[in-house]
Amino acid sequence: MTNSDYDAVDRALAGRYSCRGFRSDQVPAETLRALFASAQRTASWCNSQAWQVTLVSGEAAADFGDKLTAWVTAGNPQVMDIDPPSRYEGVYQERRRGAGFALYNAVGIERSDMEGRTRQMVENFRFFGAPHVAVISAPKALGAYGAVDCGAYVSSLLTIAQSLGLATIAQAAIAMHSDFVHDYLDIPDDRNIVCVVSIGYADEAHAANGFRTDRADLADVVVGLP
């Protein structure tokens, strides 16, 4: 099968990974506009286009990360707009653990090193040094469907960014402190904080960028495939 459009999308999906170490260089404005203009074509339930993006860049992004990190490390309780998973079981827990252990191995953190694991976790709230932070929110009134629409939008952002030579990571950690995010960015309370997508250029020498997660076999996830 040969199809240049398919090949381009497949390359972008195959090449994309969650970047956990960014360079400080900002992305040109025209590239950011191209990224978000293309992502706006994402399909949504009844064309509701539930996503709203609050983009924070440069020094403002760094300040946001510093303030959020201080909030988290001060021990403030988690406040989430959307209920988290009640538990991970079976293969889902195995995949989650596998990704976590691969990261720790890449950055040289032993499984027993709880202090090191905490330091690495806190990097989530600094957005791994990304120069651009896109906070994604959805109307509370749209419930699960609004969140699903935002998930589709995030997937579009990640794939399009890869095709533009950008590095990204989608982070749910920010949603664990939705109260701070609402307040700091003046996002109305009638919207749910879903996640953040950190955007920039990868620091290829960063140890955290040196591993890749695997994917389940098609037979494990698709029933009835010819």
Side-chain angles (χ1 to χ4, degrees), residues 9-23 65 68-69 72-73 78 80-130 132-136 144 147-148 150-163 165-178 181 193-223:
V9 173
D10 191 57
R11 281 196 304 273
L13 288 169
R16 198 211 70 80
Y17 65 96
S18 292
C19 180
R20 292 180 174 86
F22 289 86
R23 305 197 322 250
L68 178 57
T69 299
V72 172
T73 56
Q78 293 184 4
M80 302 182 72
D81 291 338
I82 300 173
D83 289 339
S86 59
R87 59 188 175 277
Y88 289 87
E89 295 180 330
V91 69
Y92 308 111
Q93 176 71 325
E94 292 172 13
R95 292 169 185 165
R96 183 171 183 259
R97 283 177 173 168
F101 289 146
L103 169 60
Y104 298 143
N105 287 337
V107 296
I109 297 174
E110 298 291 336
R111 293 189 184 187
S112 60
D113 183 0
M114 300 307 295
E115 184 176 334
R117 291 169 67 171
T118 298
R119 283 198 308 272
Q120 182 61 41
M121 179 276 293
V122 168
E123 287 302 307
N124 278 281
F125 303 106
R126 296 191 179 95
F127 314 114
F128 304 105
H132 305 280
V133 178
V135 179
I136 314 297
V148 168
C150 285
Y153 179 79
V154 167
S155 182
S156 293
L157 272 182
L158 302 181
T159 306
I160 297 161
Q162 179 68 23
S163 74
L166 303 177
T168 57
I169 182 171
Q171 300 171 247
I174 190 175
M176 297 176 183
H177 295 276
S178 295
V181 179
I193 304 301
V194 177
C195 69
V196 65
V197 177
S198 298
I199 305 166
Y201 297 104
D203 177 357
E204 301 291 354
H206 198 292
N209 292 331
F211 80 100
R212 300 292 183 269
T213 54
D214 56 12
R215 290 296 182 268
D217 291 336
L218 284 181
D220 294 333
V221 297
V222 183
V223 176

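In this text the structure is predicted, and so the values were computed from the model without any measurement. For the single chain, residues carry numbers from 1 onward in sequence order.
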Just verifying a value: how many Å separate [X] [atom1] and [Y] [atom2], rounded to the nearest 0.5 Å?
X: Leu157; Y: Cys150; atom1: CG; atom2: SG; answer: 10.5 Å
X: Met121; Y: Thr73; atom1: CE; atom2: OG1; answer: 9.0 Å
X: Tyr153; Y: Leu158; atom1: OH; atom2: CG; answer: 11.0 Å
X: Cys19; Y: Leu166; atom1: SG; atom2: CG; answer: 10.5 Å

May I ask you to check whether Thr213 and Arg215 show a side-chain donor-acceptor distance below 3.5 Å? yes
Please find the pair of heavy atoms, one from [X] and one from [Y], that lie closest to each other, and give the distance.
X: His206; Y: Arg20; value: CE1-O, 3.8 Å
X: Ala167; Y: Ala202; value: CB-N, 3.6 Å
X: Phe211; Y: Ala102; value: CD1-CB, 3.5 Å
X: Gly116; Y: Ile109; value: O-CD1, 3.3 Å
X: Tyr88; Y: Tyr92; value: CD2-O, 4.1 Å

Main-chain N/O of [Y] paired with [X] side-chain donor or acceptor, under 3.5 Å:
X: Asp217; Y: Ala219; answer: no
X: Asn209; Y: Gly21; answer: yes
X: Ser155; Y: Ala152; answer: no

By salt bridge (Lys or Arg N to Asp or Glu O under 4.0 Å), Arg11 pairs with (sequence neighbours left out) none
Just wondering, do [Y] and [X] contact through their side chains at under 4.5 Å, heavy atoms?
X: Val197; Y: Ile169; answer: no
X: Ile136; Y: Val154; answer: yes
X: Phe125; Y: His177; answer: yes
X: Thr168; Y: Gln162; answer: no
X: Val122; Y: Val72; answer: no
X: Ile199; Y: Val133; answer: no
X: Ser198; Y: Gln171; answer: yes

Identify, with sequence neighbours excluded, every residue that meets ring pair (Phe, Tyr, Trp, His ring centres under 6.0 Å) alongside Phe22. none
Tell me, with the steps shown, if Glu115 and Arg119 meet salt bridge (Lys or Arg N to Asp or Glu O under 4.0 Å). CA-CA 6 Å; Glu115 184 176 334; Arg119 283 198 308 272; 3.6 Å; yes
For the residue pair Arg111 and Phe101, would you count it as a cation-pi contact if the rule is NZ or CZ under 6.0 angstrom from the ring centre and within 45 degrees of the ring axis? yes
Would Glu110 and Tyr104 count as a side chain to side chain contact (heavy atoms under 4.5 Å, CB included) here? Give the steps. CA-CA 7 Å; Glu110 298 291 336; Tyr104 298 143; over 6 Å; no
Sequence neighbours excluded, the answer for side chain to side chain contact (heavy atoms under 4.5 Å, CB included) partners of Ser178 is Asp81, Ala175, His182, Ile193
